[in-house]
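Okay, structure first, notes after.
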Amino acid sequence: MVGQSEGRRAVLLEPFVHQVGGHMSMMKYDEHTVCKPLVSQELSFYESLPLAMRQFTPQYKGVVSVHLKKDSFGNLTLLASPNLQPEGCGRLDNTSTDIWHKYKRAASTSSGTELVKRCHTQLTKTFKDSCPGRMRLRTDLQYCTDSLLEDANRNQTEKNSSNPWGLHCHRQHLNRMSSKYNENKLHQFLLLENVVSKYSYPCILDLKMGTRQHGDDASEEKKARHIKKCEQSTSASLGVRICGMQVYQADAGHFLCKDKYYGRKLSPEGFRQTLQQFLCNGNHLRTDVLEPIIQKLKALLSVIKKQSSYRFYSSSLLIIYDGLEHKESTVPLDNHLQGHFQKTNCTTSHSRVDVRMIDFAHTTFKGSKCNHTTYDGPDHGYIFGLENLIKILQNISEGK
């Protein structure tokens, strides 16, 4: 622990490079923590989270104050003001702040690709020097996508070192904040567990769950818009639609990305094919993670069925596994060791996959501080989506 004067130094928030969906920018606070703008309804959910659901949600770590910073060139950054911060980490000196400003300026233009690369490398080195042994930025990750990285002629541009959707959300968020608020305005952000920090190459599927997406507080115009999106996508037919995806392609050495616009266009068969693509590393189907994912989804289904009055409108479900494949031992085992091996292998596989619910700004439940309507029984739209998701994954597992 450090003293009060040390602890109050601002933390420069970075875009979270593994954000694959959503419209609100997710920021990286430190290696194991992300943050997002506080919404009272979401805070209410985390503060009264049922015990049974904790394994399926990010750990809630508190609230932090954030303010916008603009330099003389008009470059925008976000700074968090924590009460206490581990000594020597999470702070940038003037040199790295200047590098980050250049990075922001380059990222906001279509012609700054080379500058972005140079600034990203410089910033990485600065973090290495200031936080020995706690590397924050990854420069070995490359991403390509079907939509955001295509030019006007539908040609794929060069690969990026961050998921393009996350940077897209980040730029929009900074622009919104700068147009609405002055620099001295303090904003409250939620601090949440970075659920992908333990993965070398996190493969992430962001699924919008349920047959209804609008919250109880939605205007008639917004309600009609969301209903139309559901009707025209797999939200209505399956109770689930793809909101974003990144999957590591071992053969090519980069991530393949899909965004929410791609997900909205999918038919039920297209959804199934994309789900299979999410489980394929470019060489083969990742059967080692398929069964553990199904088991975790079944466990979540059992929990959701018991949550009376909860409605998880507009929430997402993340399915995560490591793109770095762990090879199992092929050494023959004695019969009496076979059962032990199978148990150990199952446990190891489960630790390499994760299933987490996120985004609870429109979640409602009995006793919620922001409750608009009280519902009886579990969220049947969410359950419908989970059951279909499990069924499709089981069919993929059985080769159907």
Side-chain angles (χ1 to χ4, degrees), residues 18-21 56 141-147 163 165 195-196 198-209 233-235 237-301 316-328 342 345-358 385-400:
H18 296 301
Q19 179 175 353
V20 302
F56 297 111
L141 303 183
Q142 290 190 320
Y143 302 75
C144 68
T145 180
D146 287 345
S147 54
N163 189 297
W165 186 258
V195 297
V196 303
K198 65 182 179 180
Y199 298 98
S200 301
Y201 297 92
C203 299
I204 308 166
L205 183 65
D206 186 328
L207 299 168
K208 190 71 77 173
M209 299 300 297
S233 69
T234 55
S235 291
S237 55
L238 297 175
V240 54
R241 77 170 181 258
I242 290 170
C243 196
M245 180 180 94
Q246 70 176 40
V247 54
Y248 186 66
Q249 303 294 280
D251 59 336
H254 64 69
F255 282 92
L256 174 68
C257 302
K258 305 287 186 183
D259 59 32
K260 67 179 182 181
Y261 301 110
Y262 174 87
R264 284 181 195 168
K265 298 174 186 175
L266 293 175
S267 65
E269 175 57 24
F271 178 89
R272 189 200 68 78
Q273 290 175 0
T274 304
L275 210 55
Q276 184 158 337
Q277 186 179 39
F278 171 67
L279 295 163
C280 184
N281 67 0
N283 294 321
H284 58 267
L285 191 69
R286 288 290 302 273
T287 52
D288 60 312
V289 299
L290 190 46
E291 187 58 32
I293 288 172
I294 292 171
Q295 292 306 314
K296 281 186 178 284
L297 289 172
K298 285 181 175 180
L300 173 61
L301 177 60
S316 284
L317 182 66
L318 298 183
I319 298 178
I320 310 160
Y321 71 89
D322 202 335
L324 181 64
E325 198 165 3
H326 298 261
K327 300 295 182 184
E328 303 296 345
Q342 287 172 344
N345 184 42
C346 181
T347 303
T348 306
S349 296
H350 272 266
S351 67
R352 293 203 303 271
V353 306
D354 210 346
V355 169
R356 301 290 187 107
M357 300 172 70
I358 60 167
L386 265 182
E387 288 177 337
N388 281 320
L389 180 60
I390 292 168
K391 194 182 304 179
I392 293 168
L393 287 171
Q394 286 176 328
N395 287 340
I396 291 173
S397 178
E398 294 165 7
K400 294 180 181 177

* To do: Without swapping roles, check the side chain of Glu269 against the backbone of Phe271 for a donor-acceptor pair under 3.5 Å.
  => no

* **Non-neighbouring partners of Asn388 that pass side-chain contact (heavy atoms from CB on, under 4.5 Å), sequence neighbours left out** => Leu238, Phe384, Lys391

* **Distance (rounded to the nearest 0.5 Å) between Asp251 CG and Asn283 CG** => 5.0 Å

* Structure fact -> Closest non-hydrogen atoms of Gly323 and Arg286, given as atom of the first, atom of the second and distance, are O-NH1, 3.8 Å

* Closest heavy-atom contact between Gly21 and Asp206? -> CA-OD2, 3.7 Å

* **Test item: Gln249 side-chain N/O and Cys280 main-chain N/O as donor-acceptor pair under 3.5 Å** => yes

* To do: Using atom types as modelled and distance alone, determine if a side-chain donor or acceptor of Arg272 lies under 3.5 Å from a backbone N or O of Ile396.
  => no

* **Side-chain donor/acceptor of Asp322 to backbone N/O of Ser200, under 3.5 Å** => yes

* Asked: Any sub-3.5 Å donor-acceptor pair from Thr234's side-chain atoms to Pro268's backbone N or O?
  -> no

* Asked: Rounded to the nearest 0.5 Å, how far does NE2 of His254 lie from CD of Gln246?
  -> 12.5 Å

* Asked: What's the shortest heavy-atom distance between Leu386 and Met209, and which atoms?
  -> N-CE, 3.6 Å

* Asked: With a 6.0 Å cut-off on ring centres, are Tyr321 and Phe278 close enough?
  -> yes

* To do: Heavy atoms only: give me the nearest Leu207-Leu389 pair and the separation to one decimal.
  => CD1-CD2, 3.6 Å

* Derivation of the side-chain contact (heavy atoms from CB on, under 4.5 Å) call for Glu291 and Ile294 -> CA-CA 5 Å; Glu291 187 58 32; Ile294 292 171; 4.1 Å; yes

* Please round to the nearest 0.5 Å and tell me the distance separating atom CG of Leu301 and atom NZ of Lys296. => 15.0 Å

* Looking only at heavy atoms, what is the nearest atom pair of Val196 and Pro202, with distance? -> CB-CB, 3.9 Å

* To do: Begin from the C-alpha positions of Leu318 and Asp354 and carry the test side-chain contact (heavy atoms from CB on, under 4.5 Å) through to its verdict.
  => CA-CA 8 Å; Leu318 298 183; Asp354 210 346; over 6 Å; no

* Asked: Under the 3.5 angstrom rule, does the side chain of Ser267 hit a backbone N or O of Gly270 as a donor-acceptor pair?
  -> yes

* List for me each residue that meets side-chain contact (heavy atoms from CB on, under 4.5 Å) alongside Thr274, sequence neighbours excluded, and say none if there are none. => Ile242, Met245, Tyr262, Leu266, Gln277

* Asked: Any chance the side chains of Ser233 and Arg264 put a donor and an acceptor closer than 3.5 Å?
  -> no

* Nearest heavy atoms of Tyr199 and Ile320, plus distance in Å -> CE1-CG2, 3.5 Å

* Asked: Which distance, rounded to the nearest 0.5 Å, do you find between the CD1 of Ile293 and the NZ of Lys298?
  -> 13.5 Å

* Give, for atom CD1 of Ile390 and atom CG of Leu300, the distance between the pair rounded to the nearest 0.5 Å. => 8.0 Å

